[in-house]
Amino acid sequence: MQRAEAAQRAGARVAAVTANLDSPLAGLADIRVHLGEHSQDFKPDASTQCVGTLFEQGALVFFDCLVLAMQRTHDVDPSEMCARHTNLE
């Protein structure tokens, strides 16, 4: 949340990829991507995976696809994309 708030103060738009559209971060975000998963009460046939696992797998695929789409849309060399990668932790 703190980084999203700091980014907004700096004039950036914030995007949130979330399983919970009611979360504080989703409420703050300009763009929301909802990767839904089954609930804590585990509805039958929704998924056999533990809560959270399905979101993590979906997020991995989503972000891989997003990076590839941006790379191709903007005609950026893969090595340049890697050089732009930033770890905010």
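Side-chain atoms are counted along with the backbone in the values below, which use heavy atoms only and exclude waters and symmetry mates. Numbering starts at 1 and runs along the sequence shown.
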Under 3.5 Å donor-acceptor pairs involving side-chain atoms of residues 9-19, not counting sequence neighbours:
from: T18; atom 1: OG1; to: N20; atom 2: N; distance (Å): 2.8
from: T18; atom 1: OG1; to: N20; atom 2: O; distance (Å): 3.0

Rounded to the nearest 0.5 Å, the CG atom of L28 sits from the CD atom of E5 at a distance of 6.0 Å
Contacts table for residues 57-73: side-chain donor-acceptor under 3.5 angstrom, sequence neighbours left out:
from: Q57; atom 1: OE1; to: Q49; atom 2: NE2; distance (Å): 2.9
from: T73; atom 1: OG1; to: A69; atom 2: O; distance (Å): 2.7

In terms of hydrophobic clustering (I, L, V, M, F, W, Y; side-chain heavy atoms under 4.5 Å; direct or indirect links), are V33 and L25 co-clustered?
-> no
